[in-house]
2 protein chains.
Amino acid sequence: MARRSDHSREELREMAITAAEQIVVEQGYEGLSARKVATAIGYTVGTLYLVFENLDDLILHINARTLDRLHAHMNESQLHCGDASDCLLQLGQVYIRFADEDPHRWAMVFEHRFSEDQVVPVWFQEKIARMFALVEKGLEPLAEQHTRDEITQASRALWGGVHGICILALAGNLGVAGVDSVQDLTKTLITNYLKGFTNN
Amino acid sequence: MARRSDHSREELREMAITAAEQIVVEQGYEGLSARKVATAIGYTVGTLYLVFENLDDLILHINARTLDRLHAHMNESQLHCGDASDCLLQLGQVYIRFADEDPHRWAMVFEHRFSEDQVVPVWFQEKIARMFALVEKGLEPLAEQHTRDEITQASRALWGGVHGICILALAGNLGVAGVDSVQDLTKTLITNYLKGFTNN
DNA sequence: TTATTAAATGAACGCTGTTCAATTAAGAGT
DNA sequence: ACTCTTAATTGAACAGCGTTCATTTAATAA
């Protein structure tokens, strides 16, 4: 059926996402454009729009991959990590390191605002939820006297916190320089929070 | 000396900033453009560039005003606020309420990424620092056994945390809806953090 | 060899930030 | 009053953006 298809639709999507990721890594979100991606994969703009709804759609898929990698790192860190609070600290460290080492892709996940009519698909929301689930799981052993809801609440508060430090620090708004200082801040937050959370 | 000056340079800047604020409030950061601002004040694009270096420069001044208002609210909340931990809770509530009531202007302060060669002026950094100073001041009464550095560190961690909850919640990434839930999360974070911070 | 049809193109539209030669008009000098 | 000077203001121009879609191209089926 297919005509002049050097690549299938799926291959094209794959190529486009990969090329776009490269551009984001090198030039940041600002440097990304439909024409650049098209050129990079040896096609023209029009083709890109046969395979993606629009740029937001492409970005969504890049972000999905970033979240997958982030989740893999976080998950991996939980396999061998000592006691419960060590595990949560690990989780924080991994999060910060990831953001520091791949700032452009990380930033795009959390800073890109999709146009209002663009609905965030469920499968994407689940990738975010999965991250919080890891935190929740890490909190469980420390929360014998807490309800399920309290644990959920705590995981959101704690991870919101880690995320906030990460964002402010990378934007240079925390008056700290270097990853190590950010790691220290995260440790401060998690440690103190856990102390309060457990000593009820 | 001046020719055809219906408005002085300073008046022009004032008008432009005010008009731009209005656009951001109504249409968000995405809706802001040099031509729109120029039209709104009855001038053309060229004039805007006589009075601002570029769009980033204009945005910086809008953000400065937003930070001033935020600081005023936060500061005001500290005048009559009970004991030390109540005061810090107040600070958090005010921060969240501000972001919720003026999301577009608040978001622009923390989400707009200035072009790399644009140096963030010291007077602007000071407006950020001033906010953290308020938190630091709020922490002091609770930190008799802590050093100055520890208090600074704690204020950054805690406020990074509040900020993170705020960002994630407003972006819809925390699985919570409504300001009240965000306020609850903030309370959770601050309360537990303070418990850990004080019970050393 | 031709007809069919999906794949791919690229010009076009309306927008963006930014620049700067050209125009306009207010005040000074006569 | 008229001209000259000069600062204020304009708006066309440039290169880029996201997005659309009539047109062209080429691989297959007949």
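In what follows, every chain begins at residue 1, and chains take the letters A, B, ... in the order their sequences are listed. Because the structure is a prediction, the values reported are computed rather than measured.
- Residues of residues 45-54 of chain A having a heavy atom closer than 4.0 Å to DNA chain C, listed by number: G46(A), T47(A), L50(A).
- dG18(D) atom P lies 19 Å from atom CZ of R113(A), rounded to whole Å.
- A rotation axis mapping the C1' atoms of four pairs onto the next four is fitted at both ends of the helix from dT1(C)-dA30(D) to dT30(C)-dA1(D) over five pairs, and the angle between these axes is 30° to 10 degrees.
- The heavy-atom pair separating A143(A) from F197(A) by the smallest distance is CB-CE2, 3.6 Å.
- The nearest whole Å value for the distance from the CG atom in D6(A) to the P atom in dT9(C) is 9 Å.
- For the segment residues 12-38 of chain B, residues with any heavy atom less than 4.0 angstrom from an atom of DNA chain C are, sorted by number, L32(B), S33(B), A34(B), R35(B).
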Go through the steps to decide whether R130(A) and E136(A) satisfy the test salt bridge (Lys or Arg N to Asp or Glu O under 4.0 Å), and finish with yes or no. CA-CA 10 Å; R130(A) 202 172 43 165; E136(A) 223 171 300; over 6 Å; no

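- What separates CZ of F114(A) from P of dG18(D) is a distance of 14 Å, to the nearest Å.
- Taking the six-membered ring for Trp and thresholds of 30 and 60 degrees, Y95(A) and W106(A) have ring planes more than 60 degrees apart, a perpendicular arrangement.
- The aromatic rings of W123(A) and H61(A) are tilted relative to each other, their planes meeting at an angle between 30° and 60°.
- In summary, E76(B) and R69(B) do not engage in a salt bridge, as defined by a charged side-chain N under 4.0 Å from a carboxylate O.
- With distances taken from any side-chain atom of Y43(B) to the nucleotides dA8(D), dA8(C), dT10(D), the minimum falls on dT10(D).
- Taken to the nearest 0.5 Å, the CD1 atom of I41(A) stands 5.5 Å off from the CG atom of L48(A).
- For the residue pair I128(B) and F110(B), the shortest heavy atom distance occurs at CD1-CE2, 4.4 Å.
- Per the geometry, CG belonging to L55(A) stands 15 Å off C1' belonging to dC15(C), to the nearest Å.
- Remark: side-chain polar atoms of R13(B) are paired, donor with acceptor, to backbone N or O of V51(B) under 3.5 angstrom.
- A distance of 11.5 Å separates OG in S181(B) from CD1 in I96(B), rounded to the nearest 0.5 Å.
- Shown here for F124(A) and A64(A), the closest heavy-atom pair between the two residues is CE1-N, 3.7 Å.
- Using a cutoff of 4.0 Å between basic side-chain nitrogens and carboxylate oxygens, R113(A) and E30(B) are not scored as salt-bridged.
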